Amino acid sequence: MREKKESFIINKEKINIAQTLKCGQIFSYRQISFNPDNFIIFSSNKKAEVYEMKEHYKICTDNVPYFQNFFDLETDYEKIKSILSKDKMLVKPIEFGGGIRILRQDLLEVIISFVFSANNNIKRITESLFALRQKFGKHYGDYEIFPSLKQLSEITAEQFKEIGAGYRAEQLVKLIEQLQKINFDELKHLSSDKILKKLIDLSGIGPKVADCILLFGFNRTDVFPVDTWIEKAFKNFYESDLKNTNHWSRAEIRKFLTERYGNLAGYAQQYLFNYQRNFHNRQII
DNA sequence: GCCCAGGGATGCG
DNA sequence: CGCATCCATGGG
């Protein structure tokens, strides 16, 4: 089977694709060629190639509408950034990562990916997820797609361990069983808090992973996932301004930052995560 | 050998 | 509730 190739253009003023891919929201992409701004992106059962031109990106794909939605080009980021920049803590993060957009990814892929992410690092997560595609995803054209829920349900804990899932293997098997009983179309109409509670009941999903699923899978921006990088950013940039300099738990940091940024919390989180990890710590890739 | 990585499950008070 | 401890795995 050979997929037909089409393409579309995105102006560089709308997005910085390298920043967008490297800010921790997605694991299924690779740099292609020597140009550090050329990528191949896999999402669910689709792929796109990104080529950097002088003033725009050329996106080559077998599914133009999917990737036009994927890059979320309609959201007014200039407005979001102008509001968030009024907070002095976000001025430099937005300056550094102002080309970031939060992608509209496939929900199932986000759920599975972020269960792998727990107490793990991005390099290992990426390798495990590519192995998951290659071993258990169906061959489609010249690449492997992300496994469907049915395909995932046939993977054993032993097989999850073979791709580096470690102690998350049993969690994943149990989770996939639970996912088959959930109606996600019903979930999509609930408030973020209510979805959060249902997600946390699932195997392998705690408060942080649930927040990531809400932000990247449900595109809810009123949540603020707190991981080790956000914890560091909080200590670096916020804690000195506070009266209570005792140790803040992740739950307390989350409450503080969601109340501070409201419906724009998710965007603020991405700018902060990116700034802490890719600028201050220089942990590129 | 220790510490860390986009933390979660479990048990104990 | 909050908290401590344990959990695979690879890199620094």
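Naming convention: chains lettered A, B, ... in sequence-line order (proteins, then strands); numbering from 1 in each chain. Predicted, not measured: the structure shown is a model, and the values here were computed from it.
Ring centroid separation for the pair A/Phe130 and A/Phe27 does not come in under the 6.0 Å cut-off.
Using a 4.0 Å heavy-atom cutoff across all strands shown, A/Gln270 reaches at least one base atom of the nucleic acid. Within 4.0 Å of A/Phe160, counting heavy atoms only, lies no atom of the nucleic acid at all.
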For ring pair (Phe, Tyr, Trp, His ring centres under 6.0 Å), just list the numbers for A/Phe96 and A/His280, CA-CA rounded to whole Å, side-chain angles, deciding distance to a tenth of an Å, and then say yes or no.
-> CA-CA 11 Å; A/Phe96 180 69; A/His280 270 258; 8.9 Å; no

Apply ring pair (Phe, Tyr, Trp, His ring centres under 6.0 Å) to the pair A/Tyr143 and A/Phe42, showing each step before the final yes or no.
-> CA-CA 9 Å; A/Tyr143 62 101; A/Phe42 301 94; 5.8 Å; yes

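Here the C1' atom of nucleotide B/dG8 and the CG atom of A/Asp227 are 14 Å apart, to the nearest Å. What separates CG of A/Asn121 from P of B/dA5 is a distance of 9 Å, to the nearest Å. Residue A/Ile111 contributes atom CD1, which lies 18 Å from atom P of B/dG7 at whole-angstrom precision. Taking atom CD1 on A/Ile200 and atom P on B/dG7, their separation rounds to 15 Å, with Å as the unit.
At a cut-off of 3.5 Å, with distance as the only test, no side-chain donor of A/Asn38 or A/Glu52 sits close to an acceptor on the other residue. Side-chain polar atoms of A/Asn119 and A/Tyr167 form a donor-acceptor pair below 3.5 angstrom. Side-chain contact of A/Asp87 with A/Tyr261: a donor-acceptor pair under 3.5 Å is present, judged by distance alone. With 3.5 Å as the limit, one finds no donor-acceptor pair spanning the side chains of A/Tyr66 and A/Gln68. Using modelled atom types and a 3.5 Å distance limit, the side chains of A/Ser117 and A/Asn120 yield no donor-acceptor pair. Judged by distance alone, the side chains of A/Asn263 and A/Thr221 never bring a donor and an acceptor atom under 3.5 Å apart. There is no side-chain donor-acceptor pair under 3.5 Å between A/Asp106 and A/Ser43.
Mapping heavy-atom proximity under 4.0 Å, the span of DNA chain C touched by chain A runs 5' to 3' from C/dC7 to C/dG10.
Under a 4.0 Å N-O distance rule, the pair A/Arg133/A/Glu109 qualifies as a salt bridge.
Residues of residues 202-213 of chain A that place a heavy atom closer than 4.0 Å to DNA chain B, in numerical order, are A/Leu202, A/Ser203, A/Gly204, A/Ile205, A/Gly206, A/Pro207, A/Lys208, A/Val209. Proximity of residues 163-176 of chain A to DNA chain B (heavy atom under 4.0 angstrom from any strand atom) is restricted to A/Tyr167, A/Gln171.
Comparing the P positions of C/dG2 and B/dA5 gives a spacing of 24 Å, expressed to the nearest Å. A distance of about 15 Å separates the P atoms of C/dA8 and B/dG11, rounded to the whole Å.
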